[in-house]
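Beneath this line is the structure, given in structure tokens, with notes to follow.
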Amino acid sequence: MDESKLIELSKKHNKKALSILLSQNYSIVYGYLLKLSYNEEVAKDVTQETMVKAILNIDGFNGKSKFSTWLIQIANNHYLNLKKRDKRLLFTNADVLDVFASDIESIEDQYIKKDRFIKVMTHLKTYKESQRMPFILKHYYGYSYEEIATILNCPIGTVRSRIHNTIKKLQGELKGD
Amino acid sequence: MKTCHKIESNILKNNINDEILNHLKTCDDCRLYYELLNTETIDSPIPTETIDLAVANAINNAEIKQRKSNKVSLIVFMCLAAVLLITAYAITYDSLVIFIRRYLLVVSGIMPFTLPIIGIIRRKVVFK
């Protein structure tokens, strides 16, 4: 069953369709939040809240973007709101890189990917959210500039320049490693 | 360096051509830029059971929130309806009171002047 059909059924309060739809997008939201927060507990909580919000507001989804884009948008807003009041988010967990790394071990080309990934994520940790978010969405999830602009609610030009600046900064730091 | 800047700009705009591809083979900086801009999937699949459990929890929590929200809406609606009804009743009642008060005021104000007139009329009627 395709996504639009699942969305249509979910809007009619079909639990099975809703469950399939959310299951299909769970990994993307969780993975994105894990990379953003460096904290498994926070990533799980925010993903859960994102899913709840999506279920409650599914009638408001207009279908102009992909469902995952809409979910990431909710997750992003929720994460930023939470960051203002939750002290857990001030402390990032270095061990989370091992969680990522152990995930990567099953993938081909593992060593290079793992090494690059850990280096990139270690540097990204020190960057502001406004720099980290567009880069993660572009590099790890392949979202287009337009989609990232929708998610972050900012102009496409801003997204492009933020990604460019982040890459340039990373480029310099990776060369120094 | 100027060429690299131009190449980066084209990579950013996704205008990749043979010239850029050839440049990428020789320039490490631009290759790194290209690699960092392009998608690299690293998410490993999460066990289905974990996802199912999380989604089921989310649906359950959403239902509880929805029920709570429905209850709150009902209470708000009932309170609002009661307030509106009381207000409407008070306005009606108050208007009636105001009407009666004004009527009495007018009557009591006019009455002293009307009495002689009524008397004259009565007298006229009597005389007739």
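Residue numbers start from 1 in every chain, and the chains themselves are labelled A, B, ... in the order their sequence lines are given, proteins ahead of strands.
- When the candidates B:Asn61, B:Ile59, B:Asn60 are compared by the number of heavy-atom contacts under 4.5 Å with chain A, B:Ile59 comes out ahead.
- No salt bridge links A:Lys175 with B:Asp28; every basic N to acidic carboxylate O contact stays at or beyond 4.0 Å.
- Of the inter-residue distances, the one linking A:His164 atom NE2 with B:Tyr33 atom OH reads 5.0 Å to the nearest 0.5 angstrom.
- For the atom pair CG of A:Leu170 and CD of B:Glu35, the computed distance is 12.5 Å after rounding to the nearest 0.5 Å.
- Taking chain A as the reference chain and counting heavy-atom pairs below 4.5 Å, the highest number among B:Leu32, B:Ile11, B:Leu12, B:Ile51 is found for B:Leu12.
- Residues of residues 69-81 of chain B having a heavy atom under 4.5 Å from any heavy atom of chain A: none.
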With side chain to side chain contact (heavy atoms under 4.5 Å, CB included) as the test, would you mind laying out the steps for A:Phe135 and B:Leu36 before giving the verdict?
-> CA-CA 9 Å; A:Phe135 176 77; B:Leu36 286 173; 4.0 Å; yes
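- In this structure, the portions of A:Ile167 lying under 4.5 Å from any heavy atom of chain B include both its backbone and its side chain.
- Side chains of A:Lys15 and B:Glu63 form a contact here, defined as non-hydrogen atoms less than 4.5 Å apart.
- Contacts between residues 16-26 of chain A and chain B, defined by a heavy-atom separation under 4.5 Å, are made by A:Leu18, A:Ser19, A:Leu22, A:Ser23, A:Tyr26.
- Both A:Leu80 and A:Ile148 belong to a single network of hydrophobic side chains, linked directly or stepwise wherever heavy atoms of I, L, V, M, F, W or Y lie under 4.5 Å apart.
- Neither the backbone nor the side chain of A:Tyr143 has a heavy atom closer than 4.5 Å to any heavy atom of chain B.
- Both the backbone and the side chain of B:Asn57 come within contact range of chain A, each with at least one heavy atom under 4.5 Å from a heavy atom of that chain.
- Of the charged side-chain nitrogens involved, none lies within less than 4.0 Å of a carboxylate oxygen, so that A:Arg160 and B:Glu8 do not count as a salt-bridged pair.
- With sequence neighbours left out, A:Glu8 forms a salt bridge (Lys or Arg N to Asp or Glu O under 4.0 Å) with A:Lys12.
- Between A:His139 and B:Leu37, the closest side-chain pair of non-hydrogen atoms is not below 4.5 Å.
- Within residues 56-74 of chain A, the residues that have a heavy atom under 4.5 Å from a heavy atom of chain B are A:Leu56, listed by number.
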